[in-house]
Protein chains: 2
Amino acid sequence: MSETPFRLSVLDIIQSSHSAVSVLDIEKNLGEHNRVTLYRTIKTFLEQGIIHAISIAGDELRYAMCEDNCGKDSHVHNHLHLQCLTCESVYCVDLPATSFVNNSHHQVDSFEVHARGTCEACLN
Amino acid sequence: MSETPFRLSVLDIIQSSHSAVSVLDIEKNLGEHNRVTLYRTIKTFLEQGIIHAISIAGDELRYAMCEDNCGKDSHVHNHLHLQCLTCESVYCVDLPATSFVNNSHHQVDSFEVHARGTCEACLN
DNA sequence: CATATATTTGCAACTGTGATGCAAATATAA
DNA sequence: TTATATTTGCATCACAGTTGCAAATATATG
Ligand SMILES: [Mn+2]
Ligand SMILES: [Mn+2]
Ligand SMILES: [Zn+2]
Ligand SMILES: [Zn+2]
């Protein structure tokens with residue numbers, strides 16, 4: 001994977017946002033560009049474990065930086081994706097096992113958990 | 001909202017599936033039908049709190065029945081959406097506070113939490 | 001450095017999902 | 001039964017994202 005100027009500017013936009021960004025958010029911060037290249041860049045970043053996608057029903061896909069330990073193969077986050085009911089922003093929040101979804105910083109009203117694993121049927 | 005034959009058959013398909021269904025899953029079980037009507041039916045069911053959408057990044061949207069306490073206004077689930085790594089099915093699983101993501105039935109390898117609430121910035 | 005090879009980019013065209021306006025059909029209310 | 005409200009089908013559109021291919025750019029090798 002080459003570190004081209006285009007890729008570096010996309011990466012910079014994602015990195016410098018404090019909340020998860022949509023394709024449109026990225027485009028607003030890019031100069032003139034080719035949309036196809038952007039989609040391909042995002043796909044590459046996802047495959048390389050550089051960014052992860054955050055999918056919230058009825059809302060655009062958003063992207064955020066991965067943890068340092070993410071790579072081409074391992075891609076585990078296990079953290080909270082908090083969408084603010086006021087500003088609609090989506091943040092990644094670390095999940096210390098002790099405080100499950102709430103901590104002193106934010107306030108959680110409702111949540112759902114997306115898990116990957118093996119279902120009852122497939123365990124047998 | 002009228003209980004038309006078309007709506008009843010869509011509802012029956014969703015209800016009788018033990019895992020969450022995609023639009024394509026529904027279509028495969030419907031006879032000849034109009035695609036627009038199906039999309040409008042799904043939208044109506046979502047608005048009425050009859051079904052809820054499950055959005056998993058890189059995967060089609062799926063739908064599953066809501067809890068009895070869901071309605072036009074309240075739409076809270078707070079349960080686990082488990083996607084099986086083997087069969088790819090997505091199940092809704094109740095979350096007794098004690099066992100957080102694991103229980104004796106399924107095995108969770110990784111998860112993420114989608115939460116709605118108020119972020120640090122907006123709380124101040 | 002020069003050249004060969006691999007990767008990325010831009011363009012054009014396409015696909016699939018879902019939305020919209022409107023008229024006909026159907027359901028509910030009076 | 002008739003009037004009113006809701007739903008459906010059809011045609012058309014909007015938009016996100018994909019694909020094939022050729023030109024441009026980056027990396028590797030001598
Ligand atoms: Mn995250
Ligand atoms: Mn569910
Ligand atoms: Zn906020
Ligand atoms: Zn399974």
Side-chain angles (χ1 to χ4, degrees), chain A residues 1-15 17 19-64 71-73 75 81 83 88 90, chain B residues 1-15 17 19-64 71-73 75 81 83 88 90:
Chain A
M1 200 202 48
S2 318
E3 296 203 347
T4 67
F6 182 79
R7 287 180 176 174
L8 287 175
S9 43
V10 173
L11 193 64
D12 183 57
I13 290 166
I14 303 176
Q15 256 171 347
S17 171
S19 59
V21 294
S22 64
V23 170
L24 203 74
D25 292 330
I26 299 174
E27 292 200 276
K28 279 189 291 207
N29 286 286
L30 274 177
E32 164 146 340
H33 65 279
N34 183 281
R35 205 169 251 271
V36 178
T37 306
L38 176 55
Y39 283 119
R40 283 198 272 229
T41 297
I42 290 171
K43 204 174 196 187
T44 302
F45 286 175
L46 287 171
E47 285 163 1
Q48 300 292 319
I50 295 170
I51 64 174
H52 63 286
I54 303 175
S55 166
I56 296 189
D59 229 319
E60 341 115 82
L61 263 187
R62 297 174 204 228
Y63 303 95
K72 214 171 161 13
D73 6 81
H75 223 322
H81 289 157
Q83 179 166 43
E88 307 232 270
V90 175
Chain B
M1 200 201 49
S2 317
E3 296 205 345
T4 66
F6 183 80
R7 286 179 176 174
L8 287 175
S9 44
V10 172
L11 194 63
D12 183 58
I13 290 167
I14 303 176
Q15 256 171 347
S17 171
S19 59
V21 295
S22 64
V23 171
L24 203 74
D25 291 330
I26 299 173
E27 292 199 277
K28 280 190 290 206
N29 286 287
L30 274 177
E32 164 146 340
H33 64 279
N34 184 282
R35 206 170 251 270
V36 178
T37 306
L38 176 55
Y39 282 119
R40 283 198 273 227
T41 298
I42 289 171
K43 204 175 195 185
T44 302
F45 286 175
L46 288 170
E47 284 163 3
Q48 300 292 321
I50 295 171
I51 63 175
H52 63 286
I54 303 175
S55 165
I56 297 190
D59 229 319
E60 339 116 83
L61 263 188
R62 298 174 204 230
Y63 303 95
K72 213 171 162 12
D73 5 81
H75 224 322
H81 289 156
Q83 179 166 43
E88 306 231 272
V90 175

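Proteins come first, then strands; the chains are lettered A, B, ... in the order of their sequence lines, and each starts at number 1.
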S.K.: Below the 4.0 Å mark, does D/dA26 have OP1 or OP2 next to a side-chain nitrogen or oxygen of A/Thr4?
M.R.: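 False: A/Thr4 side-chain N/O out of range (4.0 Å or more) of D/dA26 OP1/OP2.
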S.K.: Rounded off to whole Å, could you give me the CZ-to-C1' distance for the A/Arg35 and C/dC11 pair?
M.R.: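 That distance rounds to 15 Å.
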S.K.: Return no unless some side-chain N or O of A/Ser2 is found under 4.0 Å from OP1 or OP2 of C/dT7.
M.R.: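 Answer no for this pair, as no side-chain N or O of A/Ser2 is under 4.0 Å from OP1 or OP2.
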S.K.: Can you check the B/Arg62 CZ to C/dT17 P distance for me, whole Å?
M.R.: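 To the nearest whole Å, that distance equals 14 Å.
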S.K.: Determine the sole option in B/Ile14, B/Asn29, B/Leu61 for which the side chain to side chain contact (heavy atoms under 4.5 Å, CB included) test with B/Val21 is passed.
M.R.: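 Output: one option passes, namely B/Ile14.
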S.K.: Please report the distance, rounded to the nearest Å, between CG in A/Asn34 and P in C/dC11.
M.R.: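 Those two atoms, CG and P, are 6 Å apart.
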S.K.: Measure from CG on A/Leu38 to P on C/dT9 and round the result to the nearest Å.
M.R.: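 Going from CG in A/Leu38 over to P in C/dT9 covers 11 Å.
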S.K.: Given atom NE2 of B/His33 and atom C1' of C/dT17, what is their separation to the nearest angstrom?
M.R.: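 In whole Å, C/dT17 C1' lies 13 Å from B/His33 NE2.
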S.K.: Return whichever of B/Glu27 or B/Pro5 has its heavy-atom-nearest nucleotide of DNA chain C closer to the 5' end.
M.R.: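 Here B/Glu27 is the residue nearer the 5' end.
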S.K.: Taking only N and O in the side chain of B/Arg7, is any of them less than 4.0 Å away from OP1 or OP2 of D/dT8?
M.R.: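 So the side chain of B/Arg7 is within the cut-off, an N or O lying under 4.0 Å from OP1 or OP2 of D/dT8.
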S.K.: Reading DNA chain C from 5' onward, which residue's closest nucleotide shows up sooner: B/Val23 or A/Phe6?
M.R.: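 Looking at the nearest nucleotide for each, A/Phe6 comes out on the 5' side.
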S.K.: Would you kindly give the CG-to-P distance between B/Leu61 and C/dG16, to the nearest whole Å?
M.R.: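 Atom-to-atom, B/Leu61 to C/dG16, this comes out as 17 Å.
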S.K.: Sub-3.5 Å donor-acceptor pair from the side chain of A/Arg7 to the main-chain atoms of A/Ser2, do we have one?
M.R.: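 Such a contact is found between A/Arg7 side chain and A/Ser2 backbone.
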S.K.: Quick one: do the A/Asp12 and A/Ser9 side chains pair a donor with an acceptor below 3.5 Å?
M.R.: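 Result is no, nothing qualifies.
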S.K.: Write down the distance between CE (A/Met1) and P (C/dT9), rounded to a whole number of angstrom.
M.R.: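 Going from A/Met1 (CE) to C/dT9 (P), I get 10 Å.
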S.K.: May I have the distance from B/Leu46 (atom CG) to C/dA19 (atom P), rounded to whole angstrom?
M.R.: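 After rounding, the gap between these two atoms is 10 Å.
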S.K.: Between A/His52 and A/Leu46, is there a donor-acceptor pair closer than 3.5 Å when you use the side chain of the first and the backbone of the second?
M.R.: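 Answer holds: no.
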S.K.: With a 3.5 Å cut-off and heavy atoms only, can you find an N or O donor on one side and an acceptor on the other between the side chain of B/Arg40 and the base of C/dG18?
M.R.: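 Checked by distance alone, the answer is no.
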S.K.: Using side chain to side chain contact (heavy atoms under 4.5 Å, CB included) as the criterion, point out the one residue from B/Asp25, B/Ile42, B/Val10 that pairs with B/Tyr63.
M.R.: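 Considering B/Asp25, B/Ile42, B/Val10, a side chain to side chain contact (heavy atoms under 4.5 Å, CB included) with B/Tyr63 is found only for B/Ile42.
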